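Here the structure is laid out as structure tokens; the discussion comes afterwards.
None of the values given here were measured: they were computed from a predicted structure. Residue numbers start from 1 in every chain, and the chains themselves are labelled A, B, ... in the order their sequence lines are given, proteins ahead of strands.
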Amino acid sequence: MRSLEERIGSDRRAFYLRLISAASSLFSLYQILSHSIVSGHHPDLPTTTKLIHRHSELSHSPASAFPLALFYSHSRPDLFLLNVLLRCLDPFSTLSIFSSLHQHHPHLRPDSFTFSFSISAAASLASPVSGRVLHARSVAVGYSADRFVGSALTDFYFKFSMTSVAEEVFNQISCPDTVLWNTLITGLVRNCSFLRAVMAFERMVALGSHCDSTTLAVVLPATAELRDLILGKVIHCFVVKSGMEAQSHVITGFITLYSKCDEIHDAEFLFHEIEQPDLIHWNAMISGYSSAGYIRSSVCLFKDLMLSGWCPNSSTVVALIPVTDSYGHVSLCRAIHGFALKTSFDLNLLVCTALTTVYSRLNCMDAARQVFDGMQEKSMASWNAMISAYAQNGLTEAAISLFREMQSLNLKPNPMTASSILSACAQLGALTLGKQVHRMITEEKLELNVFVSTALIDMYAKCGNIIEAQKIFDCMTEKNEVSWNAIISGFGLHGYGCEALRLFREMLSAQISPTATTFLSILHACSHGGLVEEGQAIFQSMSHTYGIRPRHEHYACMVDIFGRAGRLNEALEFIGTVPGDVGPGVWAALLGACRIHKEANIAKLAAEKLVQLEPENPGYYVLLSNIYSASQNFPEAAAVRDVAKRRKLIKLPGCTLIEVKDVLHVFTAGDRSHPQTSSIYSMLETLAGKMLDAGYQAETESVLYDVEEEEKEHMVKIHSEKLAIAFGLINIKPESEITIIKNLRICLDCHNWTKFISRITKMVIVVRDASRFHHFTNGVCSCGDYW
DNA sequence: ATAGGGTTAG
């Protein structure tokens, strides 16, 4: 008869395996292990594997010390143990074990599980390099068509917004199963490629792959984003037919779909049909209401939620945020912020990111920054939210410096970062940085989605390179109304009215509905291109054919169109037809026309209106005063100046930016702070002589000249654009191109001066001022002397 | 190996 000890001994492994499976806490697991070691039995490979596996089930976060110690206690671990270990380790340890595998355990040949766990680790470590290395090695050992490796890789490339590579990997796998299709569709949705996600879904169905609730949970929000109600209904029928309509995730998807497609009652119906809605159902409905503008219903449902004994979570708070947005109420926003802080369930990434944006939309940049700085952990979305908050509020330098900070922390920008920063570049005219971002997008193979492409078009157009803008536009596979608007306004900005008109017609025939912005762009193009009749016809069609009510800006554009052609009386007449109040932009356009056509009487009328409408804007006072003094009405002139002085109104200082060899230089009027000041001024002297010979005369007489009296003396205060151009002439190779950007409109004299310079030096000079681009070539400007 | 609500872009 065998002793007890012998019986345990023979079944020792089974005995410990049973104990381990039954262990209910980490503590009892440690006890089992120490018992076995104390009694002289080091756990064998299967027991160790089981221990590590149970340990990962019992501990909530990836803990590495215990499993690693167990793993290293074996001199010859097997592949199964290795894979179980890799799956439960933190991503960093997973990668380091994998990379030292060859050295420490050359007998172990990684299989598809080993690769897929390591690739997932690279993805969560945000380490694109190690992922690519793993990709290469897995292909080298013949796993390029493996489902597990393939799905991990697909997921990996999508995480880094490298959608084209992800799709390539997916296409390598000959018979993708449901999970793999789901991985593809999820990745596309996460990268906002909604159309491609829906197309992949259609392909999946057509190829006869089985879809499950996961597929629908992902496809339905994509359909909602595309506002494709018809497709949504087709899917709904399909879902009912295949008996999946009662699945929790699927119902949520339909609530999202119907509320985003303005079918709020259908969404409501589905929500009330659910017997026991979970928190996500509630949140979906609350957000459905608030994002569709049903603010009261949203708040009511929130109250119901609280009364039903649910504890709201961060998503509930985020779902409520559009409420503050639509009211434009800072106090409401602060109330929600306070509520989130008080209930402190998790004032997490999500809430903070949303708050950053809402505060910035309410123009509380300090509050926004405070929330951003207060986050211990920041996601890509948090960074992007803060960067775009700055960009959208015109704080371009802040946006760029935050972008640099992000880069210095080794965080890889994603397409959203790219489009935000491109917007800042466009506003600032920072072509070099814009090009760098473009290069980064290409090098990192970042997804060139509609947002990014449109942002690139806008950046190139606004930074002077309309050719490059057009190239990108032509390469786009998916264009929406914003993309068309960007290219049309780009051509308008450069004075290519006919090209803009051609694109506008092309847009219409491509069945893209023009928006209010489209009309603004095309009217701008007509005014800068001198196309009066075309502009009038388009303005008519805007309300008659497309049912879009013109805004102040559209009226201003029309005034601009008439004014440019010197038809000032028609412009006045047109203003008479504007229903309701006339905005300051309209009068400013009229004033601009008067300035060019030297029409003092109408100018006086316009300037008086402007001083009334915008008492804070100093420019109009100067102008009005100049007009009065020109008509010998000195007391009035003095009175106007007095008012401006009493109000302590300060003129926005003019400055000009120029980039030479990727370095940015900024000049202000009469600037002497630049290291090359002396050569700049002597260059100006040299030029002055040649200019006189060529017939240049300083334009200081004009009554309608928007500068202070003392600024008229150009010898005292040389305008910043002249300094920048002189600097460019010194530092840029002859007979090439100089591009400068000025924050205000270029003045008449500088415009004239630049024409002469372009003729004398044979340089092409491109000037972006506050209203448009001027291309100076051999004494002629593309704006036709009207801007 | 994939999954529902909610945050970031032109």
Side-chain angles (χ1 to χ4, degrees), chain A residues 87 112-113 115-117 119-120 123 146-156 158 176-187 189-190 192 212-221 247-257 259 277-288 290-291 312-322 348-358 360 378-389 391-392 413-424 426 449-459 480-483 485-486 517:
Chain A
R87 183 143 76 153
S112 61
F113 292 100
F115 275 109
S116 69
F117 297 147
I119 293 164
S120 307
D146 181 88
R147 271 186 207 171
F148 282 78
V149 178
S151 104
L153 277 173
T154 307
D155 196 49
F156 168 83
F158 274 128
D177 60 5
T178 303
V179 174
L180 211 60
W181 278 108
N182 291 350
T183 308
L184 173 75
I185 298 170
T186 305
V189 171
R190 289 226 179 107
C192 301
D212 58 6
S213 63
T214 304
T215 323
L216 292 158
V218 181
V219 162
L220 287 173
Q247 305 223 22
S248 184
H249 291 210
V250 179
I251 299 172
T252 315
F254 281 117
I255 293 176
T256 307
L257 169 77
S259 52
D278 63 19
L279 187 57
I280 296 184
H281 292 129
W282 283 93
N283 290 345
M285 196 63 234
I286 292 173
S287 143
S290 59
S291 58
N313 68 2
S314 52
S315 295
T316 323
V317 175
V318 174
L320 279 170
I321 280 175
N348 59 11
L349 277 173
L350 225 62
V351 179
C352 289
T353 307
L355 281 170
T356 306
T357 305
V358 177
S360 79
K378 295 180 177 79
S379 65
M380 279 308 279
S382 330
W383 285 95
N384 292 343
M386 196 65 231
I387 291 176
S388 79
Q392 307 222 304
N414 69 11
M416 287 205 199
T417 329
S419 37
S420 305
I421 211 69
L422 285 171
S423 150
N449 63 24
V450 202
F451 284 97
V452 178
S453 312
T454 308
L456 278 171
I457 292 173
D458 195 48
M459 183 278 291
N480 63 14
E481 69 281 2
V482 189
S483 336
N485 294 350
T517 311

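Taking the ring-ring contact (aromatic ring centres under 6.0 Å, His included) definition, one finds that A/F156 meets it with A/F160, sequence neighbours left out. Every side chain to side chain contact (heavy atoms under 4.5 Å, CB included) that A/T417 has, sequence neighbours left out, goes to A/M380, A/N384, A/I387, A/F403, A/M406, A/P413, A/N414. Under the side chain to side chain contact (heavy atoms under 4.5 Å, CB included) criterion, A/I251 pairs with A/I255, A/I274, A/H281, not counting sequence neighbours. Here A/T353 pairs with A/M375, A/S379, A/A381, A/S382, A/A385 under the side chain to side chain contact (heavy atoms under 4.5 Å, CB included) rule; sequence neighbours left out. Partners of A/T154 by side chain to side chain contact (heavy atoms under 4.5 Å, CB included), not counting sequence neighbours, listed by chain and number: A/F158, A/A166, A/V169, A/F170, A/T183.
Put simply, the side chain of A/S248 and the base of B/dG4 share a donor and an acceptor less than 3.5 Å apart. Remark: the A/D278 side chain and the B/dG5 base include no donor-acceptor N/O pair separated by less than 3.5 Å. The base of B/dG5 sits within donor-acceptor range of the side chain of A/N313, with an N or O pair under 3.5 Å. No donor-acceptor contact under 3.5 Å links the side chain of A/S419 to the base of B/dG10. For B/dG4, the base has a donor-acceptor partner in the side chain of A/H281 [N/O atoms by modelled type, under 3.5 angstrom].
The nucleotide whose nearest atom lies closest to any side-chain atom of A/I280 is, among B/dT2, B/dG10, B/dG5, B/dG5. Distances were taken from every side-chain heavy atom of A/A354 (C-beta onward) to each of B/dT7, B/dG5, B/dT8; the shortest belongs to B/dT7. Relative to the side chain of A/S151, the nucleotides B/dA1, B/dA9, B/dA3 differ in distance, and B/dA1 lies closest. Comparing B/dG5, B/dG4, B/dG10 by their nearest atom to the side chain of A/N283 picks out B/dG5. Nearest to the side chain of A/S213, among B/dT8, B/dG10, B/dA3, sits B/dA3. Here B/dA1 is the nucleotide among B/dG10, B/dA1, B/dG5 with the atom lying nearest to any side-chain atom of A/R87. Closest approach to the A/F117 side chain among B/dA1, B/dG10, B/dG5 is made by B/dA1 (side chain taken as heavy atoms from C-beta onward). For A/T353, taking side-chain heavy atoms from C-beta onward, the closest of the listed nucleotides B/dA9, B/dT7, B/dG4 is B/dT7. For A/V218, taking side-chain heavy atoms from C-beta onward, the closest of the listed nucleotides B/dA3, B/dT8, B/dG5 is B/dA3. You'll find that the side chain of A/S420 is closest to B/dA9, out of B/dG10, B/dA9, B/dA3.
Between A/R190 atom CZ and B/dT7 atom P there is a gap of 15 Å when expressed in whole angstrom units. In this structure, NE2 of A/H249 is placed 14 Å from P of B/dT2, rounded to the nearest angstrom. Computed from coordinates, the A/L456 CG to B/dA9 P distance equals 17 Å when rounded to whole Å. Atom P of nucleotide B/dG4 and atom CG of A/D212 are separated by 12 Å, given to the nearest angstrom. In this structure, A/I457 places its CD1 atom 19 Å from P of B/dA9, rounding to the nearest Å. One can place CD1 of A/I251 at 10 Å from C1' of B/dG4, the figure rounded to the nearest angstrom. For A/I286 and B/dG5, the CD1 to P distance is 14 Å, given to the nearest whole Å. Rounded to whole angstrom, the span from the CH2 atom of A/W282 across to the C1' atom of B/dG4 amounts to 17 Å.
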>> Using the rule given for side chain to side chain contact (heavy atoms under 4.5 Å, CB included), can you reason through A/D458 versus A/L422, listing the C-alpha separation, both sets of side-chain angles and the distance that settles it, and then say yes or no?
In response: CA-CA 8 Å; A/D458 195 48; A/L422 285 171; over 6 Å; no
>> The test is side chain to side chain donor-acceptor pair (under 3.5 Å); show your working for A/N182 and A/T215 and say whether it passes.
In response: CA-CA 5 Å; A/N182 291 350; A/T215 323; 2.8 Å; yes
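Among the heavy atoms of the strands, none lies under 4.0 Å from A/N485. The residue A/A217 sits close only to the backbone: its heavy atoms come under 4.0 Å of sugar-phosphate atoms, none of a base. Residue contacts for A/D146: at a heavy-atom cut-off of 4.0 Å it reaches no nucleic acid atom on any strand shown. Contact annotation for A/N414: no contact, since no heavy-atom pair falls under 4.0 Å across all strands. Here A/Q392 lies in heavy-atom contact (under 4.0 Å) with sugar-phosphate atoms only. Across all strands shown, A/V450 has heavy atoms under 4.0 Å from base atoms, whether or not it also approaches the sugar-phosphate.
Shown are A/D278, A/T252, A/T316; of these, the side-chain hydrogen bond (donor to acceptor under 3.5 Å, both in side chains) with A/N283 is made only by A/T316.
A side-chain donor-acceptor contact under 3.5 Å links A/S290 to the backbone of A/I286.
Of the residues in residues 179-186 of chain A, those with a non-hydrogen atom less than 4.0 angstrom from any atom of DNA chain B are A/V179, A/N182, A/T183, A/T186.
A stacked arrangement is not assigned to A/F451 and the six-membered base ring of B/dG10, the conditions of a centre distance below 5.5 Å and an interplanar angle below 30° not being jointly met.
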